[in-house]
Amino acid sequence: MKILGIETSCDETALSLIEASGDINEPKFKVLNTALNSQIEKHREFGGVFPSLAKREHALNIVPLLSSLLNSENGEVKEGIDFPFTEIKEILEREPELFETFKKFLEENPKPKDLDFIAVTSGPGLEPALWVGINFAKALSLAWNIPLLPVNHMEGHIVSVLKESKLEQFPAIALLISGGHTELILIKSWGEYEIIGRTLDDAVGEAYDKVARILGLPYPGGPEISKLAEEGRHVKRGENKNRSEEISFPRPMIGSGDYNFSLSGLKTSVLYKVQKMGELDERMKIEIATEFEQAVVDVLKKKVSGALKEFGVNNLIVGGGVIANQYIRENLFNLMEELEGKVLFPEKDLSTDNGVMIAMAGFLKQFREKPMVNPEIKAEGNLSLND
Ligand code: KG4
Ligand code: ZN
């Protein structure tokens with residue numbers, strides 16, 4: 001099957017064209033092409049993702065991205081084809097600029113060859129941003145007469161690990177950690193999920209971003225903090241002495257007995273500490289970052305190992321932008337070694353938001369739900385995997 005994936009839930013406009021084969025127990029994926037535009041620079045001055053700007057950027061970039069995605073696809077050029085422009089215009093009513101560029105695109109570009117269906121993210125995410133992808137996918141579905149399937153973004157993050165590895169056994173547990181999410185999910189089978197724990201306030205990536213802001217570091221703060229923390233651990237090893245005795249932060253909810261997280265308290269502890277310390281020099285920043293990262297890792301490990309034990313699971317899937325963090329990765333890897341289990345990570349390009357994981361999730365979903373031409377789809381900002 002050839003599948004087009006469309007992702008616009010946050011600050012990345014991401015498209016993919018993949019080829020999927022095999023059955024639901026042993027799916028195989030080949031990436032034919034991808035096209036991605038990251039808006040991260042545009043949102044930097046707001047210190048986070050600004051929804052109306054995200055919507056505008058998606059609408060501006062999605063057609064050029066589709067052109068570049070399909071560039072190498074030699075479909076048939078149909079002369080004088082009658083597209084249902086009145087209906088397409090209605091679908092794109094809230095994105096009038098998009099309609100104009102899309103109309104031009106349809107008139108100038110061939111329909112791709114052998115495309116089986118389109119998969120689009122319908123949630124969770126920022127609703128104004130999600131709507132651009134959904135309306136665009138519907139318009140495309142109608143124009144090309146290609147079926148369309150809505151996909152849960154979080155399922156995309158989970159199945160992204162299947163690109164290179166195989167999940168040997170159900171149930172499995174997934175830990176999803178990103179700027180918007182921190183969830184522990186029990187995977188009973190593909191499509192059957194139960195959220196067993198989640199953050200009650202900030203997501204892990206969000207906590208990194210907020211702590212970075214407190215320390216006067218740029219957005220996104222995750223990579224900045226992790227760089228400092230790496231340095232801090234290096235110094236500690238060199239000096240052979242535990243410097244964090246001076247700075248210590250709580251491990252919120254580590255002993256709560258459930259699988260929920262709370263990271264805003266940790267962030268607040270950092271804030272109080274910084275207010276007390278006054279002007280921070282580089283070494284203080286390093287020590288704060290090191291202890292903050294250690295607190296995050298301790299909590300993640302405790303919750304994950306508790307869940308694995310309670311549910312008798314030894315396969316862990318980890319997804320989301322925060323696993324770019326080498327220290328978190330290493331710790332989860334070592335934990336699974338200790339427990340004689342297996343951990344699956346997505347490859348680097350698939351750990352942050354991307355279109356490939358959406359097309360992959362679409363492939364697994366079409367075994368349980370048939371894609372349809374121009375279906376009713378709503379953006380669901382809070383779409384849950386429990387649904
Ligand atoms: O999954 P993602 O690309 O976007 C969504 O939030 O959906 O994740 C982005 C988040 C940001 O909060 C960023 O600070 C964090 O991932 N991040 C990191 C690292 N690299 C990115 N957090 C900790 N350590 C990192 N190395
Ligand atoms: Zn994501």
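In what follows, residues are counted from 1 in the order of the sequence shown. Read the numbers this way: they start at 1 and go in the same order the structure lists the ligands and their atoms.
Under the 30°/60° scheme for interplanar angles, the aromatic rings of Phe105 and Trp144 are found to be tilted. Aromatic ring orientation, Phe50 versus Phe46: parallel (interplanar angle below 30°, classes split at 30° and 60°). Ring geometry, Phe136 versus Phe102: the interplanar angle exceeds 60°, so the pair is classed perpendicular (tilted spans 30 to 60°).
In this structure, the side chain of Lys342 does not engage the main chain of Asn314 through any donor-acceptor pair within 3.5 Å.
Of the N and O atoms on the side chains of Glu7 and Thr121, at least one donor lies less than 3.5 Å from an acceptor on the other residue.
Across all non-hydrogen atoms, the minimal contact from Ile196 to Tyr259 is O-CB, 3.5 Å. Nearest heavy atoms, Ala379 versus Glu127: O-OE2, 3.6 Å.
Between Ser351 and ligand 1, a contact under 3.5 Å exists for no N or O pair. Considering backbone and side-chain N/O of Ser226, one or more are found under 3.5 Å from N/O of ligand 1. Among the atoms of Asp209, some N or O lies under 3.5 angstrom from an N or O of ligand 1.
The atoms of ligand 1 that sit less than 4.0 Å from any heavy atom of Gly180 are 6 (O). Heavy-atom contacts of Thr352 reach the following atoms of ligand 1: 3 (O) (cutoff under 4.0 Å). Shown in contact with Pro220 at under 4.0 Å from a heavy atom are these atoms of ligand 1, numbered in order with element: 14 (O). Shown in contact with Gly205 at under 4.0 Å from a heavy atom are these atoms of ligand 1, numbered in order with element: 12 (O).
Between Glu100 and Lys104, no side-chain nitrogen of the basic residue sits less than 4.0 Å from a carboxylate oxygen of the acidic one, so the salt-bridge criterion is not met.
Counting only heavy atoms of the protein, atom 24 (N) of ligand 1 lies nearest to Asn325 ND2, 3.0 Å. Looking only at protein heavy atoms, the nearest one to atom 15 (C) of ligand 1 is Val322 CG2, 3.9 Å. The protein heavy atom nearest to atom 22 (N) of ligand 1 is Gly222 CA, 3.3 Å. Atom 21 (C) of ligand 1 has as its closest protein heavy atom Gly321 O, 3.6 Å. Nearest protein neighbour of atom 7 (O) of ligand 1, counting heavy atoms only, is Asp353 OD2, 3.3 Å. If you check which protein heavy atom lies closest to atom 10 (C) of ligand 1, you get Gly179 N, 3.5 Å.
Both tests do not hold together for Lys103 against Phe83: distance to the six-membered ring centre under 6.0 Å, angle to the ring axis within 45°.
The shell of residues lying under 4.0 angstrom from ligand 1, judged by heavy atoms, includes Pro223.
Considering Asp11, Thr13, Thr8 in turn, Thr13 is the only one that fulfils the side-chain hydrogen bond (donor to acceptor under 3.5 Å, both in side chains) rule with His58.
The nearest N, O or S atom of His153 is closer to the Zn ion (ligand 2) than 2.8 Å. At a threshold of 2.8 Å, the Zn ion (ligand 2) has a backbone or side-chain N, O or S atom of His157 nearer than that distance.
Restricting Asp353 to its N, O or S atoms, the one at the least distance from the Zn ion (ligand 2) is OD1.
Taking the ring centroids of Tyr208 and Phe292, they lie under the 6.0 Å cut-off.
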